[in-house]
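Some notes on the structure that comes next.
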Amino acid sequence: MRIASVAGRAVVVRDDGFVDVALASEGTLPSETLALVAQIDRLTSWYSPEVALTEEIAAADLALDSRIGPVVTSPSQVFAIGLNYRTHALEMGLVTPPKPMVFTKFPSCLTSATSTFSLFSDEVDWEAELVVVIGSGGRDLTVEEAPGAIAGYCVGQDISNRALQLLGSPAQFSLGKSHRNYGPVGPWITTADEIPDPNDLAISCSVNDILYQDASTSDMIFSVFQIVAYLSTVCELHPGDLIFTGSPAGVGQGHRPPIFLRSGDVVATTIERLGSLRNVAE
Ligand code: ZN
């Protein structure tokens, strides 16, 4: 099942349109995705293909509907994992961390699959990432318990102002990745029951139709379930929390000389079975 936030309301996305979850369930299910992801089991037991569409839309237009917002707004926590693909650690000239390297993208950077973003320096870069959406969450989860804590997955783009990120030593990651609209997440949540192995998905990023990142989530150093379990040993994970799980090789900083985004560039980020983002630099 695919769940999106359309004009702020939680919908089930079908090939032919949207089902407004709160309307169609007559208020027994919540109207916002942040609350709905805590009740995925109730949603899946209520929903059936016989539920009537609230709005019909031609299939080709669905993902580009400008009313689709970020998959959740104002989650309590947004985690991001640095250097989680060996090839990316190499290209950045940084050593592979012994445990997941964690920073945050502050939640005010979250935006939709089709939003534009401003260039806050001459060194703004792209990072295609698989994003985990926490469902029930919890504390001290084992790797075996982690899948049950996850609501689903979406495509993310960890847009990074390298000038701010790498200013000084040691580098500080969080601010340089948290400018307005530097966290596109979408176009929708694909529920975890449809993605039994999140570490077996093709992931790619192109800029102006030039393919720069082309990898598999199987190349992660720390798997999705290991990351969820590890984070939960420190922080309680809440429904709707997001985890950006790291980016493969092929970012602009990794090129010699580096390549950074310019005004008008179109950043297209795609993950197998989850969809695509299309974000334009202003
Ligand atoms: Zn990243």
Side-chain angles (χ1 to χ4, degrees), residues 70 72 74-111 115 117-134 154-185 203 205 207 212-213 215 217 219-224 226-235 237-238 241-255 258-261 267 269 277 279 281:
V72 293
S74 304
S76 69
Q77 302 171 102
V78 180
F79 302 95
I81 309 300
L83 309 175
N84 198 29
Y85 290 75
R86 282 182 188 81
T87 48
H88 176 54
L90 269 177
E91 74 178 344
M92 296 294 278
L94 298 167
V95 294
T96 306
K99 288 283 185 183
M101 199 277 272
V102 183
F103 56 95
T104 189
K105 287 175 80 71
F106 293 103
S108 60
C109 77
L110 296 175
T111 191
S115 68
F117 58 96
S118 298
L119 298 172
F120 289 94
S121 80
D122 294 331
E123 299 178 16
V124 175
D125 204 347
W126 58 86
E127 295 192 355
E129 307 211 5
L130 172 67
V131 172
V132 177
V133 183
I134 294 295
C154 68
V155 185
Q157 177 55 243
D158 179 14
I159 301 172
S160 302
N161 176 358
R162 303 292 188 205
L164 184 53
Q165 178 192 345
L166 302 173
L167 180 73
S169 179
Q172 64 88 14
F173 281 39
S174 296
L175 274 188
K177 291 162 172 278
S178 293
H179 287 291
R180 183 177 190 173
N181 289 2
Y182 275 32
V185 281
I203 179 169
C205 180
V207 179
Y212 285 104
Q213 293 183 287
T217 58
D219 296 336
M220 285 186 193
I221 297 169
F222 302 103
S223 73
V224 165
Q226 287 174 325
I227 291 166
V228 169
Y230 178 70
L231 290 172
S232 78
T233 65
V234 179
C235 299
L237 302 179
H238 300 128
D241 283 354
L242 302 179
I243 307 170
F244 284 70
T245 55
S247 196
V251 303
Q253 177 87 39
H255 288 79
I259 304 166
F260 294 117
L261 294 170
V267 180
T269 313
L277 314 177
N279 302 102

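Note: hydrogens, waters and symmetry copies are ignored here, and every other heavy atom, side chains too, is used. Remember, predicted model here, so these are calculated numbers, not experimental data.
- Contact record, Val185 with Gly156: CG1-CA, 4.4 Å, taken as the closest heavy-atom pair.
- Atom OH of Tyr85 and atom CD of Glu91 lie 12.5 Å apart (nearest 0.5 Å).
- Going from atom CZ of Phe173 over to atom CE of Met101 covers 3.5 Å, rounded to the nearest 0.5 Å.
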Could you walk me through whether Asn84 and Ile227 pass the side chain to side chain contact (heavy atoms under 4.5 Å, CB included) check?
-> CA-CA 10 Å; Asn84 198 29; Ile227 291 166; 3.5 Å; yes
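- Here the side chains of Phe103 and Leu175 are not in contact, with every heavy-atom distance at 4.5 Å or above.
- Distance check, rounded to the nearest 0.5 Å: CG of Asn181 to OG1 of Thr111 gives 3.5 Å.
- Side-chain contact between Met220 and Ile81 is absent, with no heavy atoms from C-beta onward closer than 4.5 Å.
- By the 4.5 Å heavy-atom criterion applied to side chains, Asp219 and Thr87 are not counted as neighbours.
- The distance from atom CD of Glu129 to atom CG of Leu242, rounded to the nearest 0.5 Å, is 12.0 Å.
- A 4.5 Å side-chain heavy-atom check between Arg162 and Met92 finds at least one atom pair inside the cut-off.
- Thr269 places no side-chain N or O within donor-acceptor distance of the main-chain N or O of Leu277, the cut-off being under 3.5 Å.
- Considering all non-hydrogen atoms of both residues, Leu83 and Ala89 come closest at CD2-CA, 3.9 Å.
- In this structure, the side chains of Gln172 and Leu164 come closer than 4.5 Å at one or more pairs of heavy atoms.
- The residue from Asp122, Asp125, Val207 that alone fulfils the side chain to side chain contact (heavy atoms under 4.5 Å, CB included) condition with Leu261 is Val207.
- Atom CG of Leu231 is separated from atom CZ of Phe79 by 5.0 Å, given to the nearest 0.5 angstrom.
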Apply the test side chain to side chain contact (heavy atoms under 4.5 Å, CB included) to residues Trp126 and Asn279: give CA-CA distance (whole Å), side-chain angles for both, the deciding distance (0.1 Å), then the verdict.
-> CA-CA 10 Å; Trp126 58 86; Asn279 302 102; over 6 Å; no
Hey, mind stepping through His255 and Tyr212 against side chain to side chain contact (heavy atoms under 4.5 Å, CB included) and telling me if it holds?
-> CA-CA 10 Å; His255 288 79; Tyr212 285 104; 3.6 Å; yes
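- Under the 4.5 Å side-chain criterion, counting only non-hydrogen atoms from C-beta, Thr245 is not in contact with Thr217.
- For the residue pair Ser223 and Gln226, the shortest heavy atom distance occurs at N-OE1, 2.9 Å.
- The minimum heavy-atom distance linking Gln165 with Ala171 is given by the pair O-CB, 3.4 Å.
- The side-chain heavy atoms of Ser160 and Lys177, taken from C-beta on, include a pair separated by under 4.5 Å.
- Nearest heavy atoms, Pro248 versus Ala215: CB-CB, 3.5 Å.
- When side chains are defined from C-beta on, Phe222 does not count as touching Tyr230, because their heavy atoms never get closer than 4.5 Å.
- A donor-acceptor pair under 3.5 Å links the side-chain atoms of Lys105 to the main chain of Tyr182, judged by distance alone.
- Of all heavy-atom pairs spanning Arg180 and Phe117, the tightest one is O-CB, 4.5 Å.
- With rounding to the nearest 0.5 Å, the separation of OG in Ser247 from CD in Gln213 is 3.5 Å.
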